[in-house]
Number of protein chains: 4
Amino acid sequence: MKKKRIRDYDIQIGSLQTGHLNSISDIPGVTVGHSTIDTPTHKTGVTVINPCQENIFANKLVASSYVLNGFGKTTGLLQINELGTLESPIALTNTLNVGLVQDSLVSYTLTCCKKDDTPISSYNPVVGECNDCFLNNIKERVVKEEHVLEAFANACTDFDQGDVGAGKGTICYGLKGGIGSASRKITFDGHDYHLGVLVQSNFGKTEDLIINGMEIGKNIKDKITPSVTDKGSIISVIATDLPLSSRQLGRILKRAAIGLGRTGSHVGHGSGDIMIGFSTANVIKSSSTSATMNLKILNEDLMDLPFQAVIEAEEEAVLNSLIAADTVVGYQGEIRYGLAPFLEEYLNV
Amino acid sequence: MKKKRIRDYDIQIGSLQTGHLNSISDIPGVTVGHSTIDTPTHKTGVTVINPCQENIFANKLVASSYVLNGFGKTTGLLQINELGTLESPIALTNTLNVGLVQDSLVSYTLTCCKKDDTPISSYNPVVGECNDCFLNNIKERVVKEEHVLEAFANACTDFDQGDVGAGKGTICYGLKGGIGSASRKITFDGHDYHLGVLVQSNFGKTEDLIINGMEIGKNIKDKITPSVTDKGSIISVIATDLPLSSRQLGRILKRAAIGLGRTGSHVGHGSGDIMIGFSTANVIKSSSTSATMNLKILNEDLMDLPFQAVIEAEEEAVLNSLIAADTVVGYQGEIRYGLAPFLEEYLNV
Amino acid sequence: MKKKRIRDYDIQIGSLQTGHLNSISDIPGVTVGHSTIDTPTHKTGVTVINPCQENIFANKLVASSYVLNGFGKTTGLLQINELGTLESPIALTNTLNVGLVQDSLVSYTLTCCKKDDTPISSYNPVVGECNDCFLNNIKERVVKEEHVLEAFANACTDFDQGDVGAGKGTICYGLKGGIGSASRKITFDGHDYHLGVLVQSNFGKTEDLIINGMEIGKNIKDKITPSVTDKGSIISVIATDLPLSSRQLGRILKRAAIGLGRTGSHVGHGSGDIMIGFSTANVIKSSSTSATMNLKILNEDLMDLPFQAVIEAEEEAVLNSLIAADTVVGYQGEIRYGLAPFLEEYLNV
Amino acid sequence: MKKKRIRDYDIQIGSLQTGHLNSISDIPGVTVGHSTIDTPTHKTGVTVINPCQENIFANKLVASSYVLNGFGKTTGLLQINELGTLESPIALTNTLNVGLVQDSLVSYTLTCCKKDDTPISSYNPVVGECNDCFLNNIKERVVKEEHVLEAFANACTDFDQGDVGAGKGTICYGLKGGIGSASRKITFDGHDYHLGVLVQSNFGKTEDLIINGMEIGKNIKDKITPSVTDKGSIISVIATDLPLSSRQLGRILKRAAIGLGRTGSHVGHGSGDIMIGFSTANVIKSSSTSATMNLKILNEDLMDLPFQAVIEAEEEAVLNSLIAADTVVGYQGEIRYGLAPFLEEYLNV
């Protein structure tokens, strides 16, 4: 049974059109795969985002990052910022498994490069993380290389959202968070482009939750044992086929904070809030030997639409991560409820 | 007649208590003064924020800045970021008068230092700006040193808001913007602290305006000739007596973007959105000769309340800049309406 | 009589070839002009760098900046960093005249835009500064708009170096500093490119001066009244016709610090060390309305040569600023000697 | 037999006094340990720097980082920059083993925290790396958790330098690089402080090597098969007991680039050049519950000496990494010579 999404409740975020799938996979080439670990003691997993269907190490993409709150352990941003390119799939997992997943990405990419004879001696793996220690026995670090490989094997355009993959154990606004995605369509000069967001949500206090302007969190707060502190993180992966320089992309990533804020976030101290973005419009071949290349970029005066798109998609992706998540019982018996029944009660549907 | 503020309409932003004045002048020592230029061709002026009542060049304060959108001409941020201190009052004006006002701050501070025998040979003036060219004949650069001095002479804790000083000619969400302020009170260990925001608002499209979750902009849009592009800027001056390092203050400034976003901003391409902040809790005497000093700072684990405070105060300051502004007719006959009548109609009050 | 340059002493910095003029004006379109104020009480002035021969406001260039030490008052960097473009000539002057010169650039550019019917309502003037208060009675702020205009009128490719323009009153390594320039030629795919540096030098302690590895400062120290503290600044303007993105250009600017360090600099606390760079290879027309554009950029794997070029040109530009400067007597009778006689004695020439 | 250091050749870098050990372990509490992997196919290892003798997770230190060239994979800098603190020992290894070593640091720190009952659910491991693929069969990723633990077990103040630990397989200026260290003593108000640097050196072209101003690299170039490209990296760990804020520490780290440049570096494109620093003067207890704390910091006007200290120590640490390294034969038969015989020939000693 397909999970509901926030639009299924007649809640429309913003004014721009969504993409066909209303997800990050509206960007051609982007696929997402999960490996979910769901045992009595472990609620965690891995989610991978493939930015393209080629070996990205040999076909680097323009990339950027924005650190809204650096209280986090995401790896790979130094090189993204220096070179403005991404040469790795993006993997998401729990905080204490970052090293292991990073190591697994190295294995994975060495194998890919061996297959297609791409020379490789250095490599910049990108791993984002949220701390799921409330529901998951995080210190046992249950994620292994097999889970990373499974996530890659599962990658598709029609991926699950909610309490899956790296979102299996995360909590958001005191409810069950997880993986959520949304997209927007933008048309310039008759050409359709897309911008999509995928979040791993793990932040916020119940009372702060706002859904499309409705302060529904205050309503929910008395019905559950609320979160008392805003700990966690949110990783936002932002993809687009708009032609952008890394500087332009960075400007877009920064605006995602506005969408996040509209769901009620105060960007709490304990929450590592990181945006990682890439554009598929220009491919930088690692084998290229010509002295110069043409980078296709957007007329800077047209940036307002991408700004609006990322704000809307970020807000909707967070809400989708909540509405698609089922209730999960943690390893110590704690319950984190899915949003759906509360929203349905609130809306009388 | 005192102008109304957004709380006078029973609109309460957030959940924290305001300071006594609900303005930046709740921070002890902070005063604000305006010089308003209001002629048929000129709608502009100067607003100065005094961070303390002493000569700030001799009594520097911990400071920081955050550039949300750098499409602006604010001066003085390089040194603030390098040294983490403010040694100047902050002046706001229109875009093309930044140089003149900067020059006037030099005159003003040289005079102050002469008076109290403070040695000075270098000085970092801080000037923020918005582009008021829609209502004001900006190219004539009507602001002169006398206006800067007048603004200083008018500085007080009970300053006007709305279409005054540097806010005389600005527009916000297609309505009349201007100067707005708000504050929040925070208590730690039985000690009351305050955090206040003052904005010069000049951004946004009418249809995007949100007031406390209500999408009132869509309602207003059809009643006026709306702004078609989001050009302008918003300068936010953020003051507090919380003991903070410049790094901690910088984290707070970054969150102001969330408050701004809750009023409907998309942080448009053409809008230079700059946050400048200072804390009055530590004074760095320029005459100090001891090798070390103790900087009193906040326990980092307590940052969530200041984060919430700045988000709420920023949102309310923007709304106050709108509600306190009267309708202004520009030099080419264009009208920008105050928000008050539209809000009253919307609320049926 | 033409001033000598460091190469005239058989001192060859680095291994790359220089451009024809061995100055920033080797980059086609770049010209430099001075206005020198030399009276008994005033030793100061203005130097302007024209990045192109067209109206740059209508023909913006890719730009970047690097703040090595932000204890300075340079204006315009916020927008350069946000948009990656330069829309203004670059003017250099003394610290307390930054506002006035900024204001004069506004006048100048409004006039230019009026002449060629370029719409303008906003504008980002770029002004760098050094503090020449040791030789110049800086508090009297003698620079006026006429000096800025005179500097523009004097702009040419064969400009003077040493104690001229904004370098009239600066001191460097306890000697007379000033304006210096140098360039390097780089060939890729059979095409010659140039990278040039112009400095306004005003930093360093005598004993630290190193010339091409020779610790000549220790030798000079006992012959003069040395500088006791490293106060001042150095502004480096870096131009190139290499096709670069603003990110790539920023990487190049950062390396200029290495060249500076090789002359003996410790990047002292009191010295605002700022690099401002532009590339003339791509012109961004402000009138462009197409949705996308092609930005020609360099293959990132080829960055090592530009890195070496900027390091060598920066080192040589600083040395040229010293060797071309004549002895200057300050307004309070202090003497700052030119380097030439000391170097000649040291080299026995 | 103790390895020689650059001072043993009467080569004195700069003018400040060294610490007693002339190494990073002059800072009280700092120890360094190696695990060296030296087999026919593997020349690599792990080096750990303990910033203090307590559990640093419970006793965080003020920290900062500076990215001179971000083409590298160092982890942990996001959180250091956000919070200004270090909560982890620093481990160095080869590029493709970063994930494994990061994972091992998690194990190590979980164990430490269990031992002394420190609550832990999140943790920011800091791992720096150089690419030793020229001498080491890097793709086999031979480093395992046991090596990390061995490095910790070996930690002491009198550690080896040269081709040891994470420096076993690195190359520098076409010679054998590795681990090097140096320190400087600074006295303020009668109190002695120390600043020390430890590098993992892996960068540079032979012809560029400069030793204390002598262009010895040009001399060596013809005697060996030189490096043709500047690939690699240099990680610099900088420790001090000076009381500093993270902002002040960051200013110091930035100057290390100058010392690096004086050895001949062009900060090549392919070299990830990262500075990580900490100050032991303030301990931030993770168990602290008081609302405020006093951070002891240095009078900003006194920063020139620490700036000079870091420049000198960085330069000397790089030279020590070269002079202490013995010749190593790589897994494919390539030879990288130690500097010592070349220097001795050059100096006729």
Side-chain angles (χ1 to χ4, degrees), chain C residues 12 14-16 66-71 203-205 207-208 210-218 228-231 247-248 250-271 273 298-312 314-315, chain D residues 12 14-16 66-71 203-205 207-208 210-218 228-231 247-248 250-271 273 298-312 314-315:
Chain C
Q12 187 181 315
S15 59
L16 299 178
Y66 174 62
V67 178
L68 177 58
N69 182 1
F71 197 165
F203 68 95
K205 288 186 291 179
E207 64 194 83
D208 292 335
I210 300 169
I211 297 183
N212 208 21
M214 300 176 287
E215 298 191 340
I216 187 172
K218 290 181 181 157
V228 284
T229 57
D230 183 0
K231 279 192 152 169
R247 180 188 54 73
Q248 291 180 320
R251 297 185 79 200
I252 292 172
L253 299 187
K254 222 170 180 178
R255 270 72 179 178
I258 303 296
L260 184 61
R262 289 195 184 156
T263 68
S265 170
H266 290 146
V267 193
H269 161 65
S271 178
D273 296 354
L298 194 65
N299 184 329
E300 199 86 22
D301 292 336
L302 300 180
M303 291 291 278
D304 278 339
L305 269 183
F307 290 169
Q308 184 178 350
V310 76
I311 292 171
E312 293 186 13
E314 174 83 16
E315 183 177 355
Chain D
Q12 188 183 313
S15 59
L16 298 179
Y66 174 61
V67 178
L68 177 58
N69 183 2
F71 197 164
F203 68 95
K205 288 186 289 179
E207 64 195 84
D208 291 335
I210 300 170
I211 298 183
N212 208 23
M214 300 176 288
E215 298 192 337
I216 187 171
K218 290 181 181 157
V228 283
T229 57
D230 183 0
K231 277 192 153 169
R247 180 188 54 72
Q248 291 180 320
R251 297 185 79 199
I252 292 172
L253 299 186
K254 221 169 181 179
R255 269 73 179 180
I258 303 295
L260 183 60
R262 289 196 184 155
T263 68
S265 169
H266 290 146
V267 193
H269 161 63
S271 178
D273 296 354
L298 193 66
N299 184 329
E300 199 87 22
D301 291 336
L302 300 179
M303 292 291 279
D304 278 340
L305 268 182
F307 289 169
Q308 186 178 349
V310 77
I311 291 170
E312 293 186 13
E314 174 84 16
E315 183 177 354

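Per chain, numbering begins at 1; letters A, B, ... match sequence-line order. As a basis for the values below, the full set of heavy atoms in this structure was taken, side chains included, without hydrogen atoms, waters or symmetry mates. For clarity, every value in this text was computed on a predicted model and none was experimentally measured.
For a heavy-atom cut-off of 4.5 Å, chain C lies close to D:F307, D:Q308, D:I311 in residues 305-312 of chain D.
In terms of heavy atoms, D:R255 sits closest to C:L68 at NH1-O, 4.3 Å. Of all the heavy atoms in C:V67 and D:K254, the pair that sits closest is O-NZ, 2.6 Å.
Side-chain contact check for C:I258 versus D:H266: every heavy-atom pair is 4.5 Å or farther apart.
Separating the CD1 atom in D:I252 from the NE2 atom in C:H269 is a distance of 12.0 Å, to the nearest 0.5 Å.
Although no hydrogens or angles enter the test, the distance criterion places no donor-acceptor pair under 3.5 Å between the side chain of D:D304 and the main chain of C:G268.
In this view, C:R251 and A:E82, C:E300 satisfy the salt bridge (Lys or Arg N to Asp or Glu O under 4.0 Å) rule, not counting sequence neighbours.
Your options are C:M303, C:R262, C:E215, and the one with the most heavy-atom pairs under 4.5 Å with chain D is C:R262.
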